[in-house]
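Quick notes on the structure that follows.
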2 protein chains.
Amino acid sequence: MKPRMTIQKTLVLEALNDLDNHPTALEVYQHIVKKYPTISQATVYRNLNCLVAENKILKIEIPNSAARYDIKNVNHYHLKCDVCGKIFDLEMDYFTELETKITNLKGFKITGHSLVINGICSTCDKKYKEEN
Amino acid sequence: MKPRMTIQKTLVLEALNDLDNHPTALEVYQHIVKKYPTISQATVYRNLNCLVAENKILKIEIPNSAARYDIKNVNHYHLKCDVCGKIFDLEMDYFTELETKITNLKGFKITGHSLVINGICSTCDKKYKEEN
DNA sequence: ATACATGCAAACACTTTGCAGCACA
DNA sequence: TGTGCTGCAAAGTGTTTGCATGTAT
């Protein structure tokens, strides 16, 4: 199980550099497929997972939405509009101390956490007000 | 759009009382279908969504896992084992202050947040050690 | 009476997988 | 050379939806 560096994996990494807005797997695929129409979605998914396992990129999981990926070290949180489903960046320090605060773990080894703030974005909020 | 109280909605609420361990939609369905074999999964999903909208129950969304539901007021966080996918309860106070700490929202109205702690449960950790 | 809810099956979005052939080390 | 990777299509999971019918108010 020694990971290899393939053309496709390189393309995935490059795509993540180009698209620096924590893209979804689909967005990564769509970016690559423009130039290299033969790459498949499955390969993009497999390489993203692989790069996460190699600890080279970061996966940000969001309930009820596609996961987002980022070149390692830009660990941040997201706002999610529960009306339109859009994801927004949240300028807030990553809460590392949180993981140390947790006790009573009974042998559970913490590797990270996922935090998403839910709400209603200003656009959807405006629409709602106009309709009432 | 006035919600009605139907037999099925009552059954969903009762199921949530019986299964007090924040069940998934599937677990709610399986509990009800034992006694009432004609209820459909779609109805369970619709009623759960409906009850959430009526603010009568709580939905806990977990990335890459089924959402969990609970009779309102037991708001708590979860540990998720990234190896076996199991969900464990986390004895930690709900972090209400978190939502007030966030600034720079540009009109985004916060309604809640979802936090899941990821890691490896003791069972999976043991297995891994045995294999090495 | 008339919205709203139901059951069913099909569709949905996101992701993983089985397989036969290909290519990196 | 051999194992790991690819493309493709199909399957998988969790959830929603279209439709004809049923039912609470």
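Below, chain A is the first sequence line, B the second, and so on; all start at residue 1.
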With respect to the phosphate group of dT16(C), does any side-chain polar atom (N or O) of N49(A) fall under 4.0 Å of OP1 or OP2?
yes
Nucleotide of dA25(C), dT16(D), dT15(D) approaching A25(B) most closely (side-chain heavy atoms)
dT15(D)
Please confirm whether any donor atom in the side chain of R46(A) sits under 3.5 Å from an acceptor in the base of dG7(D), or the reverse.
yes
Pair Y77(B)-H113(A), side-chain donor/acceptor within less than 3.5 Å:
no
Which residue pairs pass the salt bridge (charged side-chain N to carboxylate O under 4.0 Å, His left out) test with at least one member in residues 24-41 of chain B, sequence neighbours excluded?
none
Could you check which of dG7(C), dT6(D), dT15(C) has an atom nearest any side-chain atom of N47(A)?
dT6(D)
Per nearest nucleotide of DNA chain D, the residue lying toward the 5' end, P3(A) or Q41(B), is P3(A)
Residues K9(A), E54(A): salt bridge by 4.0 Å N-O rule:
yes
Taking only the side-chain nitrogens and oxygens of T6(B), find out if one of them lies under 4.0 Å from OP1 or OP2 of dT6(C).
yes
May I ask you to say what I39(A) touches in the nucleic acid, namely base, sugar-phosphate or nothing, with a heavy-atom cut-off under 4.0 Å?
sugar-phosphate
So which one's nearest nucleotide on DNA chain D is more toward 5', N64(B) or K9(A)?
K9(A)
Are the side chains of L58(A) and Y69(A) in touch, meaning some heavy atoms are under 4.5 Å apart?
no
With DNA chain C as reference, determine whether R4(B) or A42(B) sits nearer its 5' end, using the nearest nucleotide of each.
R4(B)
d(CD, E27(A); P, dA13(C)) in whole Å:
15 Å
Establish, with yes or no, whether the OP1 or OP2 oxygen of dC14(C) is under 4.0 angstrom from a side-chain nitrogen or oxygen of S65(A).
no
N/O (side chain, Y45(A)) to phosphate O (OP1/OP2, dT15(C)) under 4.0 Å
yes
Using a 4.0 Å heavy-atom cut-off, does T24(B) contact any base of the nucleic acid, only the sugar-phosphate backbone, or nothing at all?
nothing
Below 4.0 angstrom from OP1 or OP2 of dT6(C), is there any side-chain N or O of S40(B)?
no
Rounded to whole Å, how long is the line connecting atom CD1 of I32(A) with atom C1' of dG7(D)?
14 Å
Is it true that E61(A) and K59(A) make a salt bridge, defined as a side-chain N closer than 4.0 Å to a carboxylate O?
yes
Using whole Å, report how far CD1 of I7(B) lies from C1' of dC4(C).
15 Å
Quick check on dG7(C): is either OP1 or OP2 less than 4.0 Å from any side-chain nitrogen or oxygen of Q8(B)?
yes
Taking the minimum atom-to-atom distance to the side chain of A66(B), which one of dT15(C), dG7(D), dG14(D) wins?
dG14(D)
Of the nucleotides dT15(C), dC8(D), dG7(C), which has the atom closest to the A67(A) side chain?
dT15(C)
In this structure, how many angstroms lie between the C1' atom of dT13(D) and the OH atom of Y29(B), rounded?
16 Å
